[in-house]
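Structure, as structure tokens:
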Amino acid sequence: MSTGILKGKKGIIFGALNNMSIAWKVAEKAHAEGAEFVLTNAPIALRMGEINELAKKTNSQVIPADATSEEDLKNLIEKSQEILGGKLDFILHSIGMSPNVRKGKTYTDTNYDWYHKTMDISAISLHKTLSAAYNMDAMKDWGSVVALTYIAAQRVFPDYNDMADAKALLESITRNFGYQFGIKNKVRVNTISQSPTMTTAGSGVKGFTEFVSFAEEMSPLGNASAEACANYTVSLFSDLTQYVTMQNLFHDGGFSFTGVSLDVINRYVK
Ligand code: NAI
């Protein structure tokens with residue numbers, strides 16, 4: 001059901017790799033709700049070409065940008081404003097990658113060059129994006145920036161590896177830049193802490209399938225899907241959430257506040 005909640009809103013959506021990506025679902029939902037946007041991803045991800053299908057479907061253009069490159073980000077923000085015909089109402093940061101996770105390095109035997117890369121791609125890229133938008137005065141008053149995060153920023157999930165540190169930094173950047181952007185022109189910055197979701201990035205984490213089942217049993221509402229995450233994201237881009245900023249918002253069916261569920265405890269009944 002669409003209500004046109006984003007009618008007239010313009011933005012940039014990072015991170016739609018394929019039709020499982022959370023960003024892909026956000027783009028579909030934002031389009032259905034009347035938004036116009038530019039899609040972007042790292043040049044290497046664009047080579048797979050799947051994003052063109054989404055661009056066609058949502059009537060949007062694609063601009064390549066490596067989110068670790070300040071130059072690419074400036075170009076993206078400049079071109080997006082040209083294409084969309086004005087300043088931006090929203091930005092979705094849906095980016096995550098850890099070379100240590102990808103290449104099977106453990107947390108206690110990390111490769112520090114890769115650790116830096118994890119931080120740069122998965123967290124500092126948000127700072128760079130916000131900084132480019134802030135310094136180029138590219139956001140409209142009462143605009144909204146959302147980044148995706150995971151509860152491993154607060155609690156230990158051993159196989160999440162250095163991504164846990166990256167998410168903690170991402171959430172800190174959200175608070176600190178949220179303050180600055182709020183003062184400048186009422187722009188809000190929040191993270192959504194999403195349930196484990198079967199996507200390319202998610203399934204790269206060791207033991208992910210088992211973990212999805214565990215989270216499902218631990219969450220009173222069950223795991224939140226990528227589509228549900230898109231709905232929540234769209235609400236944060238809308239004018240109905242104008243005073244929500246600098247928050248980490250759990251979107252996880254209640255997982256974050258459940259100590260133990262009956263489903264899990266019943267496994268131990270003898
Ligand atoms: P995905 O693999 O579809 O999306 C990750 C995106 O990051 C890809 O589009 C990839 O091309 C992009 N990316 C990687 N390096 C980049 C760079 N240098 N510049 C620009 N883009 C780059 O996976 P998913 O799950 O949709 O991930 C989106 C976000 O959601 C990530 O921040 C992830 O950590 C977060 N998240 C995912 C959960 C899950 O279980 N799938 C749970 C909680 C948060």
Side-chain angles (χ1 to χ4, degrees), residues 6 9-33 35-97 117 120-140 143-149 166 170 173-174 177 181 187 189-192 194 199-201 226 229-230 233-234 236-237:
L6 296 187
K9 303 259 184 230
K10 300 166 197 292
I12 299 177
I13 295 181
F14 286 81
L17 181 66
N18 53 39
N19 64 9
M20 292 188 302
S21 300
I22 296 167
W24 188 287
K25 309 289 183 200
V26 173
E28 287 180 332
K29 182 70 185 167
H31 175 66
E33 291 295 341
E36 283 174 73
F37 45 81
V38 162
L39 295 167
T40 182
N41 210 324
I44 192 162
L46 294 181
R47 262 186 243 153
M48 300 181 200
E50 291 186 52
I51 202 169
N52 297 327
E53 183 196 320
L54 180 66
K56 211 168 153 196
K57 216 167 148 181
T58 59
N59 200 18
S60 46
Q61 293 193 38
V62 180
I63 301 180
D66 177 341
T68 64
S69 159
E70 291 172 68
E71 200 187 321
D72 281 11
L73 290 169
K74 278 187 200 143
N75 176 60
L76 168 69
I77 288 173
E78 195 180 299
K79 295 257 164 65
S80 298
Q81 290 183 93
E82 279 169 29
I83 291 168
L84 299 168
K87 291 190 189 188
L88 308 170
D89 297 283
F90 66 87
I91 296 177
L92 176 72
H93 179 286
S94 188
I95 299 172
M97 211 284 280
K117 263 206 136 63
D120 201 13
I121 295 171
S122 309
I124 300 167
S125 61
L126 176 65
H127 197 290
K128 290 177 179 172
T129 302
L130 288 166
S131 175
Y134 183 97
N135 290 309
M136 293 167 77
D137 198 21
M139 294 295 291
K140 266 192 218 154
S144 173
V145 180
V146 171
L148 282 154
T149 189
L170 183 84
I173 291 168
T174 296
F177 228 118
F181 234 146
V187 170
V189 187
N190 295 291
T191 48
I192 293 179
Q194 164 67 6
T199 61
T200 305
C229 187
T233 306
V234 160
L236 289 171
F237 290 159

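Not measured: the values here are computed from a predicted model.
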side-chain contact (heavy atoms from CB on, under 4.5 Å) between V26 and F237, worked out: CA-CA 11 Å; V26 173; F237 290 159; 4.2 Å; yes
Contact check, side chains of [X] and [Y], non-hydrogen atoms, under 4.5 Å:
{"X": "Q194", "Y": "I22", "result": "yes"}
{"X": "K25", "Y": "C229", "result": "no"}
{"X": "F90", "Y": "I13", "result": "yes"}
{"X": "Y134", "Y": "V187", "result": "no"}
{"X": "I91", "Y": "F14", "result": "yes"}

Working to the nearest 0.5 angstrom, can you tell me the gap between [X] [atom1] and [Y] [atom2]?
{"X": "I77", "Y": "T129", "atom1": "CD1", "atom2": "OG1", "value": "6.5 Å"}
{"X": "K57", "Y": "W24", "atom1": "NZ", "atom2": "CH2", "value": "7.0 Å"}
{"X": "K79", "Y": "D72", "atom1": "NZ", "atom2": "CG", "value": "10.0 Å"}
{"X": "T191", "Y": "L170", "atom1": "OG1", "atom2": "CG", "value": "6.5 Å"}
{"X": "L54", "Y": "S60", "atom1": "CG", "atom2": "OG", "value": "6.0 Å"}
{"X": "K128", "Y": "D120", "atom1": "NZ", "atom2": "CG", "value": "3.5 Å"}

[X] versus [Y], closest heavy-atom pair with distance:
{"X": "D66", "Y": "L73", "value": "O-CG, 4.4 Å"}
{"X": "S80", "Y": "L88", "value": "CB-CD2, 4.4 Å"}
{"X": "I51", "Y": "L39", "value": "CD1-CB, 3.9 Å"}
{"X": "M139", "Y": "F181", "value": "CG-CZ, 3.6 Å"}
{"X": "S94", "Y": "L148", "value": "OG-CD1, 3.1 Å"}
{"X": "F37", "Y": "H31", "value": "CE2-N, 3.7 Å"}

Taking [X] for its side chain and [Y] for its backbone only, find out whether a donor-acceptor pair lies under 3.5 Å.
{"X": "N41", "Y": "A16", "answer": "yes"}
{"X": "K10", "Y": "L84", "answer": "yes"}
{"X": "T174", "Y": "N190", "answer": "no"}
{"X": "T40", "Y": "I63", "answer": "yes"}

Are there more than 12 heavy atoms of other residues, nucleotides or ligands under 6.0 Å from atom [atom1] of [X]?
{"X": "N135", "atom1": "CG", "result": "yes"}
{"X": "E82", "atom1": "CD", "result": "yes"}
{"X": "K117", "atom1": "NZ", "result": "no"}
{"X": "E50", "atom1": "CD", "result": "yes"}

Criterion side-chain contact (heavy atoms from CB on, under 4.5 Å) on V62 and N52, from CA distance to verdict: CA-CA 8 Å; V62 180; N52 297 327; 4.3 Å; yes
Contacts of type salt bridge (charged side-chain N to carboxylate O under 4.0 Å, His left out), residue K140, not counting sequence neighbours: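 Partners of K140 by the salt bridge (charged side-chain N to carboxylate O under 4.0 Å, His left out) criterion, ordered by chain and then number, come out as D89.
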Residues E36, N59; criterion side-chain contact (heavy atoms from CB on, under 4.5 Å); working and verdict: CA-CA 8 Å; E36 283 174 73; N59 200 18; over 6 Å; no
Under-4.0 Å salt bridge between E78 and K74: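 Looking at E78 and K74, the cut-off is not met.
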